[in-house]
Structures are given as structure tokens and as C-alpha cells.
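Hydrogens, waters and symmetry mates are skipped; everything else that's a heavy atom, side chains included, is used. Just so you know, ligand 1 is whichever comes first in the structure, and atom 1 is the first atom listed for that ligand.
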Amino acid sequence: MTKPPLTLYLAAPRGFCAGVDRAIKIVEMALEKWGAPVFVRHEIVHNKFVVDGLRDKGAVFVEELDDCPDDRPVIFSAHGVPKSVPATAAAREMVYVDATCPLVSKVHIEAQRHSDNGLQMIMIGHAGHPETVGTMGQLPDGEVLLVETVEDVAHVEVRDPEQLAFVTQTTLSVDDTADIVAALNARFPRIVGPHKEDICYATTNRQEAVKAMAPKCDAMLVVGAPNSSNSKRLVEVGERAGCTYAQLVQRATDIDWRSLDGISSVGITAGASAPEVLINEVIDAFRDRYDVTVEMVETAVENVEFKVPRVLREPA
Ligand code: 10E
Ligand code: SF4
């Protein structure tokens with residue numbers, strides 16, 4: 001039987017960012033250095049396949065430090081943690097390694113600096129997301145005000161409109177955030193902030209690639225997890241850029257083939273925590289059913305790399 005023709009557009013960049021790559025390496029190197037079990041507070045990155053793979057090697061994933069024994073190393077996830085977490089680990093004399101992405105740590109430092117300068121902080125982020133919890137947790141409870149939408153900006157109650165600064169989550173929608181920042185600047189003209197926002201290079205580049213790819217595609221698949229903020233944003237960006245069928249899939253078995261009936265082009269991308277093996281699995285699933293031609297849609301080239309913490313570079 002002849003297979004129907006299909007063009008697969010492949011976004012570049014897609015998949016792993018430098019912060020995810022470093023965080024996974026940290027867990028692997030900690031297991032090599034200290035042996036199993038090594039505890040990890042929260043999913044090291046939001047991907048089940050990655051987490052399951054590390055669990056097989058001896059990592060134990062927990063949500064809270066309370067679930068870790070004092071005498072085993074613990075790693076904090078790439079999303080960052082409130083200041084109280086390393087403080088508690090130190091008080092318990094635990095060995096801990098912080099896998100917070102350096103670009104998230106940079107936002108933590110910004111928030112602390114503004115607060116030290118007497119400014120009240122506003123954070124643009126998603127309530128309850130671990131990165132937002134971690135960044136807000138750099139300052140005492142109640143010190144950082146959260147805004148999630150343009151509407152929130154109209155209602156936020158500040159101490160002094162002249163003494164304000166803002167920071168953002170790194171994985172937000174670039175376009176939505178620009179609107180929220182514009183609303184903040186309109187209501188609080190003296191608010192201090194980063195040049196644009198704190199969205200990282202990887203988030204920005206993946207959204208740009210989707211914007212270029214989406215108008216060409218009958219359908220778009222984003223490889224990523226349902227709890228992955230940056231992956232969910234890629235689905236939204238794809239829809240808004242003109243691709244009416246954009247879906248998040250964790251792996252090939254999630255593809256709803258019936259919905260793809262009659263299509264002649266599909267765009268594929270992946271969130272920053274999705275490994276390339278899963279993207280290849282999805283491509284292979286299309287090759288099984290279609291006569292596939294792959295075309296790259298490349299909008300940027302990335303060469304960012306972060307070192308692992310020194311403790312893991314030193315011999316045991
Ligand atoms: O839900 P997120 O997109 O924040 O996380 P992820 O694990 O899917 O991707 C990596 C992004 C991090 C660590 C946040 N900057
Ligand atoms: Fe770091 Fe950005 Fe990757 Fe988050 S998405 S881990 S901030 S590089």
C-alpha cells in the first residue's frame with residue numbers, strides 16, 4: 001500500500017535548553033559521585049521520561065525536603081527554590097546541590113537587589129508554578145505581589161507606586177508578557193524592571209520558531225509534558241500564529257491520528273524539557289504512516305552551555 005505524502009516541518013531550536021541539560025547532568029554526576037540513592041526535590045525538569053530514566057539510575061523524587069533523610073544528598077530542581085529550602089538543608093547539615101538554572105538564579109538576584117534598594121516587588125508569573133514559588137520565596141512571605149494577567153495589574157494594591165520593581169517567570173508567553181509589562185508601565189510609570197522581561201533565550205527562541213512554522217502547517221504537535229509551562233506556551237503560540245490544530249503530546253502514543261486525517265503538513269517542536277529521543281519517536285510514528293519529507297524551520301542557532309557546580313567537578 002502506498003503511503004500518503006506528508007511534509008514534516010521541524011522547528012529549530014526545539015527541545016533541551018542549557019538549563020535543562022545542566023540539571024540532568026547534575027543528577028547523573030551526583031549519582032556517580034555519591035551513589036544511589038540521591039534525592040531530588042521536585043521533578044528535576046518537567047518530563048516524565050527524563051524523571052523515570054533518572055529514577056531507574058537511583059534518583060528518588062520527592063516534593064519536600066521533609067521527605068529526605070539527613071544523610072543523603074539532595075538536589076534542587078532546575079525551576080529554583082525559595083530561600084528557606086537551602087537554609088533548612090544547611091541547618092540539617094545535608095549535602096545539597098542546587099540545579100536551579102543560572103538564568104532563574106539571575107532573576108532571584110534581581111528581586112533581592114530591588115528589595116534591598118527599598119523597592120516593593122511585583123512578579124509576573126503563574127500562581128503555584130515552582131519557578132514562581134521559588135522566585136517569590138527569595139523575599140519574605142507577602143513581600144512579592146503576583147500578577148498573572150493585564151486585569152491583575154489594574155487591581156494590584158501596592159505600598160507606594162513610586163517605589164516598585166518587577167521580575168518575571170522565564171518561561172512565559174513573550175507576547176502576553178509584553179502586554180502585562182505595558183500595563184504595569186502605564187499604571188506605574190516609575191516601575192523599575194529588566195530591559196524587557198526575564199523570559200530566557202530558550203523560551204524566546206522556541207516561540208519564535210513556532211511563529212515561523214505555524215502558518216505553514218495543517219497541524220502542530222508540541223512534544224512536552226502537561227505540567228511544563230514553556231511547552232504549554234508553545235501550543236498557545238502555535239494556535240495564535242494560525243495553526244488551528246496544535247496539541248501537546250508526551251510521546252508518540254499520545255498522537256490522535258484520527259484528528260490528523262486528511263492533512264498534508266505537520267509542524268513538530270518540543271519544550272525545553274523534552275528529550276530529542278521523544279521527538280524522533282514522534283517523527284518515526286509519522287514515517288510509519290506517511291511518505292514523509294522533513295523540512296527544517298530554523299530561526300536561531302543556540303550555543304549556550306552552563307557548567308555544573310564545582311562540587312561535582314571535584315573528585316569524591
Ligand atoms: O514548567 P517549566 O517550563 O518552567 O519547566 P520545564 O521543566 O518544562 O522546562 C525547563 C524550564 C525551567 C527549569 C524553568 N526555567
Ligand atoms: Fe534556564 Fe530558560 Fe531552560 Fe528555564 S527554560 S532552564 S530559564 S534556559
Taken by chain and residue number, the protein N/O/S atoms under 2.8 Å from atom 2 (Fe) of ligand 2 read Cys200 SG
Short question: side chain of Lys48, backbone of Gln250 - any donor-acceptor pair under 3.5 Å?
no
Provide, to 0.1 Å, the distance between atom 9 (O) of ligand 1 and the closest protein heavy atom, together with that atom's residue and name.
Asn230 ND2, 3.1 Å
For Thr170, take its heavy atoms, then give the atoms of ligand 1 lying under 4.0 Å from any of them.
14 (C), 15 (N)
For the pair Asp176 and Arg240, find out whether any cationic side-chain nitrogen is under 4.0 Å from an anionic carboxylate oxygen.
yes
Near Asn227, which atoms of ligand 1 are under 4.0 Å from a heavy atom of that residue?
1 (O)
Atom 14 (C) of ligand 1: the protein heavy-atom neighbour that sits closest, reported with distance to 0.1 Å
Glu131 OE1, 3.1 Å
Does Thr100 come within less than 4.0 angstrom of ligand 1, counting non-hydrogen atoms of the residue?
no
Counting from 1 in the order shown, the ligand 1 atoms closer than 4.0 Å to a non-hydrogen atom of Val45 are 7 (O)
Location of contacts on Thr171 toward ligand 1, heavy atoms closer than 4.0 Å
side chain
Can you pull out the closest protein heavy atom to atom 12 (C) of ligand 1? Residue, atom name and distance to 0.1 Å, please.
His79 CD2, 3.7 Å
Of Ala274, Ser228, Ala23, the one whose closest heavy atom lies nearest atom 8 (O) of ligand 1 is Ser228
Give a yes or no on whether a salt bridge exists between Arg233 and Glu236, defined as a side-chain N under 4.0 angstrom from a carboxylate O.
yes
Interfacing atoms of ligand 1 (cut-off 4.0 Å, heavy-atom, Ser273):
6 (P), 7 (O), 8 (O), 9 (O)
Within the 4.0 Å heavy-atom shell around Val104, which atoms of ligand 1 are there?
15 (N)
Measure centre to centre between the rings of Phe286 and Trp257, then say whether the value is under 6.0 Å.
yes
Can you check whether Ser231 has an N/O within less than 3.5 Å of an N/O in ligand 1?
no
Nearest 0.5 Å please: distance from the CG atom of Asp52 over to the CG atom of Asn47.
9.0 Å
Near Ala78, which atoms of ligand 1 are under 4.0 Å from a heavy atom of that residue?
13 (C)
Can you report which non-hydrogen protein atom sits closest to atom 7 (O) of ligand 1, along with the distance?
His46 N, 2.6 Å
Residues that Asp98 engages under salt bridge (charged side-chain N to carboxylate O under 4.0 Å, His left out), provided they are two or more places apart
none
Whether the His42 and Glu63 side chains hold a donor-acceptor pair (N or O, under 3.5 Å, no angle test) is what I'd like checked.
yes
What do you reckon, does Gln169 have a nitrogen or oxygen under 3.5 Å from a nitrogen or oxygen of ligand 1?
no
Any pair with a residue in residues 151-173 that passes salt bridge (charged side-chain N to carboxylate O under 4.0 Å, His left out), sequence neighbours left out, goes on the list, sorted by first then second residue, please.
Glu143-Arg159, Glu162-Arg190
Donor-acceptor pair, distance only, cut-off 3.5 Å: does the side chain of Arg55 make one with the backbone of Phe61?
no
Parallel, tilted or perpendicular: which one describes the rings of His129 and His79, with boundaries at 30° and 60°?
perpendicular
Going by the order shown, which atoms of ligand 1 are within less than 4.0 Å of some heavy atom of Val20?
10 (C)
Name the one of Val104, Thr132, Asn230 that satisfies side chain to side chain contact (heavy atoms under 4.5 Å, CB included) with Thr171?
Asn230
Any side-chain heavy-atom pair from Val294 and Tyr9 closer than 4.5 angstrom?
no
Let me have the donor-acceptor pairs involving side chains of residues 201-227, under 3.5 Å, with sequence neighbours excluded, atom names and distances please.
| from | atom 1 | to | atom 2 | distance (Å) |
| --- | --- | --- | --- | --- |
| Tyr201 | OH | Ala18 | N | 3.0 |
| Thr203 | OG1 | Thr170 | O | 2.9 |
| Thr204 | OG1 | Cys200 | O | 2.8 |
| Asn205 | ND2 | Tyr201 | O | 3.3 |
| Asn205 | ND2 | Glu302 | OE2 | 2.9 |
| Arg206 | NE | Gly15 | O | 2.8 |
| Arg206 | NH1 | Ala202 | O | 2.9 |
| Arg206 | NH1 | Glu302 | OE2 | 2.8 |
| Arg206 | NH2 | Gly15 | O | 3.0 |
| Arg206 | NH2 | Phe16 | O | 3.2 |
| Arg206 | NH2 | Glu302 | OE1 | 3.0 |
| Gln207 | OE1 | Val174 | N | 2.9 |
| Gln207 | NE2 | Leu172 | O | 3.0 |
| Lys211 | NZ | Asp175 | OD1 | 3.3 |
| Lys211 | NZ | Asp175 | OD2 | 2.9 |
| Asp218 | OD2 | Ser264 | N | 2.8 |
| Asp218 | OD2 | Ser264 | OG | 3.2 |
| Asp218 | OD2 | Ser265 | N | 3.2 |
| Asn227 | ND2 | Glu43 | OE1 | 3.2 |

Should Arg14 and Glu276 be marked as a salt bridge (charged side-chain N to carboxylate O under 4.0 Å, His left out) after you check the CA-CA gap, both sets of side-chain angles, and the distance that decides it?
CA-CA 9 Å; Arg14 64 176 176 280; Glu276 194 68 13; 2.8 Å; yes
